[in-house]
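Here is the structure we will look at.
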Amino acid sequence: MRNKRVIAAQKAAHAAGLAYFCENTHMCVHPIFGPWFSIRGLVVFDEVPGPEEPPTMTRKTAVVAFEDAMSACTRSQAETHITTPADSLATWKLWVRAREAIYPNHPFRYSENQIRYHYTGDKTIL
């Protein structure tokens with residue numbers, strides 16, 4: 001029988017020193033790729049030392065912009081009752097804005113099609 005425990009990949013990435021993890025949003029920010037990366041797997045070792053300190057967001061302006069964007073996003077989600085695909089569309093665009101607020105014009109930003117697929121799962125984009 002398979003073990004049914006779930007591993008929080010974002011928290012594991014933070015503990016391993018891969019990315020800063022924001023507890024409020026569950027979004028990770030990588031020091032090079034910013035918020036534009038995905039965690040697709042996890043390998044756990046018994047005796048491999050981790051970093052002395054967990055990662056932090058070092059650019060204060062990025063931290064403030066991110067927190068402001070996430071506040072707007074979560075406020076909008078709380079105020080919006082998603083009942084139609086159009087409502088959902090407006091909400092996911094707020095999440096994109098939150099990512100963009102961290103590092104505007106980031107060189108590793110996903111393409112428009114990649115963003116749309118990531119947030120909507122629209123297979124016609126593939």
Side-chain angles (χ1 to χ4, degrees):
M1 184 169 146
R2 297 182 81 173
N3 187 339
K4 300 211 184 240
R5 292 187 303 180
V6 176
I7 296 172
Q10 294 94 336
K11 287 184 178 182
H14 182 79
L18 175 68
Y20 167 78
F21 173 69
C22 175
E23 281 285 341
N24 296 331
T25 63
H26 295 261
M27 188 183 294
C28 285
V29 181
H30 187 272
I32 295 172
F33 302 113
W36 303 104
F37 78 106
S38 297
I39 303 166
R40 297 289 183 228
L42 179 67
V43 179
V44 179
F45 297 95
D46 286 332
E47 296 185 31
V48 176
E52 295 292 321
E53 295 286 326
T56 60
M57 287 181 62
T58 55
R59 290 180 37 206
K60 295 296 180 200
T61 55
V63 174
V64 171
F66 176 67
E67 289 174 354
D68 289 348
M70 287 314 304
S71 292
C73 184
T74 53
R75 216 175 22 256
S76 176
Q77 278 195 315
E79 295 167 359
T80 304
H81 300 289
I82 299 173
T83 57
T84 69
D87 293 338
S88 180
L89 180 66
T91 302
W92 74 255
K93 287 185 177 184
L94 290 171
W95 286 99
V96 173
R97 274 192 255 151
R99 285 180 181 232
E100 289 172 334
I102 299 169
Y103 293 104
N105 304 311
H106 197 285
F108 290 101
R109 182 185 186 276
Y110 294 165
S111 70
E112 291 301 322
N113 282 344
Q114 193 173 4
I115 289 171
R116 184 171 292 276
Y117 180 74
H118 175 81
Y119 284 101
T120 68
D122 181 358
K123 290 183 176 31
T124 63
I125 295 168
L126 302 176

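These numbers come from the heavy atoms of this one structure, side chains and all, not from hydrogens, waters or symmetry mates.
- Note that OG of S111 and CH2 of W36 are 10.0 Å apart. Values are rounded to the nearest 0.5 Å.
- Relative orientation of the W92 and Y119 rings is parallel, given thresholds of 30° and 60° on the angle between their planes.
- A distance-only check finds a donor-acceptor pair linking the side chain of H106 to the backbone of I32 [under 3.5 Å].
- Across L42 and A12, no two heavy atoms sit closer than the pair CD1-CB, 3.8 Å.
- Of the inter-residue distances, the one linking I125 atom CD1 with E112 atom CD reads 10.0 Å to the nearest 0.5 angstrom.
- Taking each heavy atom of Q10 and C28 in turn, the nearest pair found is CB-SG, 3.5 Å.
- The side chain to side chain donor-acceptor pair (under 3.5 Å) search around T124 returns D122, not counting sequence neighbours.
- Panel note: side chain H14, backbone A19; a donor-acceptor pair is recorded below 3.5 Å.
- For the pair Y110 (side chain) and F37 (backbone), a donor-acceptor distance under 3.5 Å is present.
- Between P31 and L18, the shortest heavy-atom distance links the atoms CD-O, 3.3 Å.
- V43 and I39 fall into different hydrophobic clusters, where Ile, Leu, Val, Met, Phe, Trp and Tyr residues are linked whenever their side-chain heavy atoms come under 4.5 Å apart, directly or through other members.
- Using a 4.5 Å cut-off on side-chain heavy atoms (C-beta onward), R109 and V96 make contact.
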